[in-house]
Amino acid sequence: NSDNTSKKSGNGNLRSPICCILGHVDTGKTKLLDCIRGTNVQEGEAGGITQQIGATYFPTDNIRERTKELKADAMLKVPGLLVIDTPGHEAFTNLRSRGSSLCDIAILVVDIMHGLEPQTIESLNLLKSRNAEFIVALNKVDRLYGWKKCLNAPIVKAMKLQSIDVQNEFKMRVTQIVTQFKEQGLNTELYYKNKNMGETSSIVPTSAMSGEGIPDLLLLLINWAQRTMEEKLTFMDDIQCTVLEVKVIEGLGTTIDVVLVNGVLHEGDQIVVCGMQGPIATTIRALLTPHPMKELRVKGAYLHHKELKAAQGIKITAQGLEHAVAGTALYLVTPNDDLDDVKDLAMQDMKNVMSRIDKSGEGVCVQASTIGSLEALLEFLKTPAVNIPVSGINIGPVHKKDVMKASVMLERKKEYATILAFDVKVTPEARDLAEDAGVKIFIADIIYHLFDQFKAYMESIKEEKKKETAEEAVFPCHLKIMPNCIFNKKDPIVLGVDVIEGIAKVGTPICIPSREFIDIGRITSIEINHKQVDTAKKGLKVAIKILGSNAEEQQKMFGRHFEMEDELYSHISRKSIDVLKANYRDELSTEEWQLVVRLKKLFSIL
Ligand code: GDP
């Protein structure tokens, strides 16, 4: 009977395009969403706009009404536009299936006063990698100095009302931003000047504050989607459906919020979704949508449906959804399907993620709110510039058991006893346990902030280790005593020396290989021209003080145990080399490492 429903739909049998909003923080994504939702919503029927689960639906009539000044209504063929409510990467990365986006079109928001920002570029790369169509909303035009408000007007009309100064500033900023996009390999142009929509992306100037450009944005979204995606938007019987969120609702148990991109779902349909512990095969108990706004006082928050047709945001109740994974595809089991095949299909997304875990078993734990964001994080951690190994993954809030899992690393590699939590909450119990156990939890909702935090932590651990091992680290040096520079013969020995090779460093134990490797003590101070320094590199002439660390060393005396021609070396050992390698590798030059290798031979260290 889904055939039936299809026929009823009319409109050339196209489904509504699905739209996502992306961009840098504070560019006005939320405000823009409110604005396209809010205009005309003040009174009565809210212009037919309906709040769905996780999305807002704009019927064509509403869009026609709002864009009538643009005189383009005849072209609307789709039933409406479905805009996903959560702005940002999150929803976009979730709305996908096998790597490509289920989102038909995206709005990339850029602040006209700021131009391209880090997350603009991140979003742009994401859109490119998913081959997604998008339109740039150049938001906050009302912030141009001297802007005259022109509520909800088409942008060209609003622009004509502005002073020459405003128009000039606008032109200058647009030119700058077009150049910035060009640097990212993207051709862009103001949409009303864009003659080559396929190759050049369109920019729509907007104000989410006073509504200028919003009609243009809506119309362009619909037109562009209709013109380029007729096939993709043609209604199909095959269902295409993604789990956006897994939520516990009082009285309903665990529910899943889905976006039905294509096809029809019925109450009683058998479905399979990906679960953290394996595939979940279950039966749809109820298909729910929110009550229209005017009926909010009606008992029970949701409307029940026998069937629902794409594109829609829907809440589904069913048994056994506790471990469902957000961001994965929902599959329908028809009488012709082999249940096991469908289960395999449903678990495919999870398998891809699991394959990114480090085989050595050494690495940090990562946790994200959905499989999409988890994948994005794993992808990022794998890039050569970052290169952080991962030993465990999970989806959803960080619980005690996650901390316990991460604590296993304490024994193996302390810095990996870490949870990188991307856009998820940490329960207070988990936080307490982490504190007690010494597991670090880093939380952020921007991927590279997590990286920055972790990097800083790695550095601090390194510093700590350096401090702990400072005594044991022996830098290589080769010193020659200078004539007439014997300032004190013993306890302490004070000599003028020439640093022939390596680095003389305070704390370095000194020995004399030509005299049966006698130890004469550690360097306790270094002076250059009467100034104290900690280190002296090859080529410098310095005065050093050497103090015996024990009674035997304290006996050692210039003129009795060693002479002018005896050369002094750092006393290295197997252990000191290991410490040097582990903590000071990048502080030594190649030449200095070569000296270490030679000393190793000199001291017969295997
Ligand atoms: P998001 O982080 O991208 O979702 O940004 P928001 O929608 O929260 O907006 C960030 C700030 O910019 C808020 O204070 C908004 O009121 C303001 N804002 C958003 N759009 C506009 C606009 O078009 N004009 C002006 N003047 N302010 C805006």
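Count residues from 1 along the sequence. First listed ligand is number 1; within each ligand, the first listed atom is number 1.
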Closest candidate by heavy atom, reference atom 12 (O) of ligand 1, pool Met209, Gln119, Lys31, Lys140 | Lys140

Which is closest to atom 8 (O) of ligand 1 in terms of heavy atoms, Thr30, Ile214, Asp34?
-> Thr30

Ala208: numbered ligand 1 atoms lying under 4.0 Å from its heavy atoms | 20 (N), 22 (C), 23 (O)

May I ask you to test the Met354-Ile393 pair for a side-chain heavy-atom distance under 4.5 Å?
-> yes

If you measure from the Lys or Arg side-chain nitrogens to the Asp or Glu carboxylate oxygens, is any gap between Arg356 and Glu375 under 4.0 Å?
-> no

Is Gly28 close to ligand 1, meaning an N/O of one under 3.5 Å from an N/O of the other?
-> yes

What atoms of ligand 1 come closer than 4.0 angstrom to any heavy atom of Ser207?
-> 23 (O)

Judged by modelled atom types alone, do Thr27 and His114 share a side-chain donor-acceptor pair under 3.5 Å?
-> no

A student checking ligand 1 against Arg143 at a 4.0 Å heavy-atom cut-off should list atoms 26 (N)

State, without any angle test, whether Asn194 and Ser202 hold a side-chain donor-acceptor pair at a distance under 3.5 Å.
-> yes

Does atom 14 (O) of ligand 1 have a protein heavy-atom neighbour under 4.0 Å away?
-> no

Is the closest side-chain donor-acceptor distance between Asn139 and Asp111 under 3.5 Å?
-> no

Enumerated ligand 1 atoms positioned under 4.0 Å from heavy atoms of His24 = 3 (O)

Please verify whether a non-hydrogen atom of Gly23 lies at under 4.0 Å from ligand 1.
-> no

